[in-house]
Amino acid sequence: MKAGTRLERLLKAGHFVVTAEIGPPKGASGQEIVNHARLMKGYVDAANLTDNQTAIVRLCSMAAALHVLRAGVEPVMQITCRDRNRIALQSDVLGAASLGIRNILCLTGDHQSFGNHPTSRNVFDLDSIQLLAGLRSMRDERRFMCGEEMRHPPSIFLGAAANPFGDPLEFRLVRLAKKVAAGADFIQTQAIFDLERFRRWMSMVRDAGLHERVYILAGIVPPKSPGALRYMREVPGMSVPEDLIERMRKVPRGRRAEEGVRIAVELIQQLREVEGVRGVHIMAIMWEEVVPEIVSRAGLYPRPQVPEEEPPA
Amino acid sequence: MIVAELKPLDQITALLNGYRSILLAGCGECVTVCSAGGEKEVQSLAAALRLWYRHRGVAARVHTVVIQRQCEPEFLAEADPLVAKADCVLSLGCGVGVQFLAERHPQIPVFPALDTKFAGGTVEPGWWGERCGLCGDCILHLTGGICPIIRCSKSLLNGPCGGSQGGRCEVNEEIECAWQLIYDRLKGQGRLEELEAILPPKDWSRARDGGPRRVIREDLRP
């Protein structure tokens with residue numbers, strides 16, 4: 001056991017896990033986060049707090065994770081390399097671990113040109129792979145990235161992202177292998193709509209034996225409308241099949257949300273059958289309240305319980 | 001070379017408010033090659049400024065000079081008599097040229113007429129591209145001769161990020177994904193396995209993060 005978080009214990013015990021994203025608000029109130037966490041409690045194994053996603057300023061992921069933790073849900077804190085150098089990254093992870101936030105998802109981060117402060121400077125002192133390697137050395141070697149020893153290393157479970165739809169396709173696998181080699185314990189994939197391409201990617205993952213070295217959680221985005229699907233199709237690194245857009249378009253306006261839930265449930269059921277997929281990560285940003293219904297209808301409720309384990313001393 | 005671009009005329013004229021004897025100083029090196037601050041650009045900016053003054057009924061004198069190399073004191077000396085007669089200098093050199101001129105004439109305001117953009121080269125006539133991040137610790141041998149520090153929008157050393165699609169960067173369709181280029185180049189050379197190695201965090205102390213830099217060559221010192 002690397003850190004003994006609930007997420008890790010469930011994955012290790014072989015359960016098909018469910019995590020879901022909670023987008024922190026653009027303001028100083030944590031109430032919405034708490035509401036979402038309470039809503040998801042019992043339906044998800046952990047909730048994932050985004051770190052200023054799409055480079056839009058929001059309440060920080062560490063504070064959001066603490067709100068979630070206090071509401072009784074285990075958090076996964078996202079941390080990106082866009083806004084912090086290696087000093088701040090290590091410091092934030094130490095702080096998070098001290099608060100009981102121990103699942104850390106390491107991301108490079110969306111470029112600031114997408115967000116609401118496009119004139120800002122970016123950092124990118126490290127990339128996500130170097131961050132993973134650095135955090136793993138903090139945990140396992142009890143050393144800071146500079147090599148200096150520390151007295152209380154963080155007991156953390158490390159995640160990373162993978163995009164089965166980005167280019168160059170052949171190199172995506174090498175990059176996943178690099179993330180695993182650098183210390184990723186679990187992987188969250190980009191939202192999957194294109195099952196065929198995802199299955200192809202997973203078979204490459206299995207051929208490389210990577211599914212046995214890292215827990216892969218498949219990304220799910222319940223689509224709300226054909227427009228949402230079309231928008232996602234235009235996002236670099238996303239693949240949305242035309243027939244899915246067509247299917248959504250044929251549904252009368254008032255019943256599209258329901259169809260979106262149905263699509264998400266079907267995707268989960270199909271992904272569950274793919275060898276090497278160890279869980280799903282549901283990203284229903286601005287639509288968090290739909291998560292319990294998706295989880296129930298996918299037959300993933302109630303969530304399994306695993307005994308607590310003391311984190312390694 | 002250092003690639004620069006002329007500032008918009010209204011920004012330049014705003015700098016010159018109140019000055020009546022202006023020396024436009026071009027540079028014969030990089031900014032001549034990238035058509036931003038050579039003889040031709042100096043003359044055309046001078047003509048534009050004279051016209052601008054005339055339209056406003058302002059009696060001002062606009063003189064011109066092209067210094068062979070604004071970043072070397074010995075070349076700057078040639079322009080000393082002209083600078084002495086001016087009440088401000090508008091440099092069409094890069095940011096380095098502006099500063100060397102200003103250092104030589106601390107009593108005279110020296111203003112920049114250009115925005116200095118990057119270290120790059122000519123891709124096609126009329127098209128200059130950025131190539132070097134001036135990081136002080138070259139890694140081009142590891143990346144197929146393509147610099148990810150400056151050509152990847154996120155300076156990734158273990159790229160590409162998830163936003164690379166069809167060889168293009170997520171930031172802008174106009175930007176080529178540096179990691180796609182690196183991948184293709186190394187694939188063509190049969191060196192793909194080199195990309196499996198994890199490149200460690202960079203020592204940024206050798207870049208400008210370590211403070212302003214200098215190069216000292218004892219063998220060349222007086």
Side-chain angles (χ1 to χ4, degrees), chain A residues 54-55 80-82 85-86 89 107-114 118 122-134 137 145-146 160-183 188-191 208 219 233-239, chain B residues 133 135 137 139 142-144 146-188 191-210:
Chain A
T54 64
T80 74
C81 300
R82 180 192 57 228
N85 66 9
R86 65 192 80 173
L89 287 165
L107 302 171
T108 298
D110 298 313
H111 195 268
Q112 76 278 7
S113 60
F114 293 105
N122 59 40
V123 181
F124 298 120
D125 174 23
L126 304 179
D127 60 32
S128 57
I129 289 174
Q130 294 161 344
L131 174 60
L132 281 165
S137 93
M145 291 181 196
C146 62
N163 186 358
F165 313 107
D167 287 326
L169 183 61
E170 320 87 88
F171 193 62
R172 286 288 146 191
L173 203 70
V174 175
R175 198 159 139 84
L176 175 64
K178 284 172 87 163
K179 288 190 174 183
V180 175
Q188 276 179 206
T189 75
Q190 173 68 283
R233 186 179 54 185
E234 300 310 316
V235 172
M238 284 197 72
S239 173
Chain B
C135 73
D137 187 16
I139 55 157
L142 300 172
T143 55
I146 293 154
C147 176
I149 299 295
I150 206 66
R151 297 182 68 184
C152 166
S153 298
K154 299 177 183 173
S155 297
L156 301 186
L157 287 176
N158 294 284
C161 76
S164 171
Q165 206 162 41
R168 298 282 139 181
C169 172
E170 67 173 19
V171 169
N172 185 331
E173 274 282 305
E174 307 284 300
I175 303 169
E176 292 175 290
C177 170
W179 277 97
Q180 177 79 55
L181 296 175
I182 292 167
Y183 177 84
D184 292 342
R185 175 81 51 84
L186 290 180
K187 190 178 183 182
R191 291 169 61 198
L192 267 189
E193 73 288 348
E194 291 179 29
L195 287 183
E196 289 168 23
I198 294 174
L199 294 191
K202 199 166 167 63
D203 176 1
W204 289 110
S205 70
R206 299 178 65 171
R208 83 138 300 284
D209 303 80

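Proteins get letters first, then strands, A, B, ... in listed order; numbering begins at 1 in each.
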Quick check for you: among [options], which has the greatest number of heavy-atom pairs under 4.5 Å with chain B?
| options | answer |
| --- | --- |
| A/Asn85, A/Asp127, A/Thr108, A/Asn163 | A/Asp127 |
| A/Lys179, A/Glu170, A/Gln112 | A/Glu170 |
| A/Asn122, A/Leu126, A/Asp125 | A/Asp125 |
| A/Arg86, A/Arg172, A/Arg82 | A/Arg172 |

- Top contributor to chain A interface from B/Ala197, B/Gly159, B/Cys169 [non-hydrogen pairs under 4.5 Å]: B/Gly159
Can you tell me which portion of [X] sits under 4.5 Å from chain B's heavy atoms? Options are side chain, backbone, both or neither.
| X | value |
| --- | --- |
| A/Ala133 | neither |
| A/Val123 | neither |
| A/Met238 | backbone |
| A/Phe171 | both |

- Message: My understanding is that only one of B/Asn158, B/Leu195, B/Asp184 makes a side chain to side chain contact (heavy atoms under 4.5 Å, CB included) with B/Trp179; could you say which?
- Response: B/Leu195
Do [X] and [Y] come close enough that some side-chain heavy atom pair is under 4.5 Å?
| X | Y | value |
| --- | --- | --- |
| B/Pro160 | B/Tyr183 | no |
| B/Ile175 | B/Arg168 | no |
| B/Pro200 | A/Gln130 | no |

- Message: Counting only heavy atoms from other residues, nucleotides and ligands, does the tally under 6.0 Å from CD of B/Glu173 exceed 12?
- Response: no
- Smallest separation among heavy atoms of B/Pro148 and B/Leu157, with atom names: CG-CD2, 4.2 Å
- Query: Hey, is B/Glu193 close enough to B/Lys187 for a salt bridge, meaning N to O under 4.0 Å?
  - Reply: no
- Message: Heavy-atom cut-off 4.5 Å, strictly under: side chain, backbone, both or neither for B/Pro201 against chain A?
- Response: both
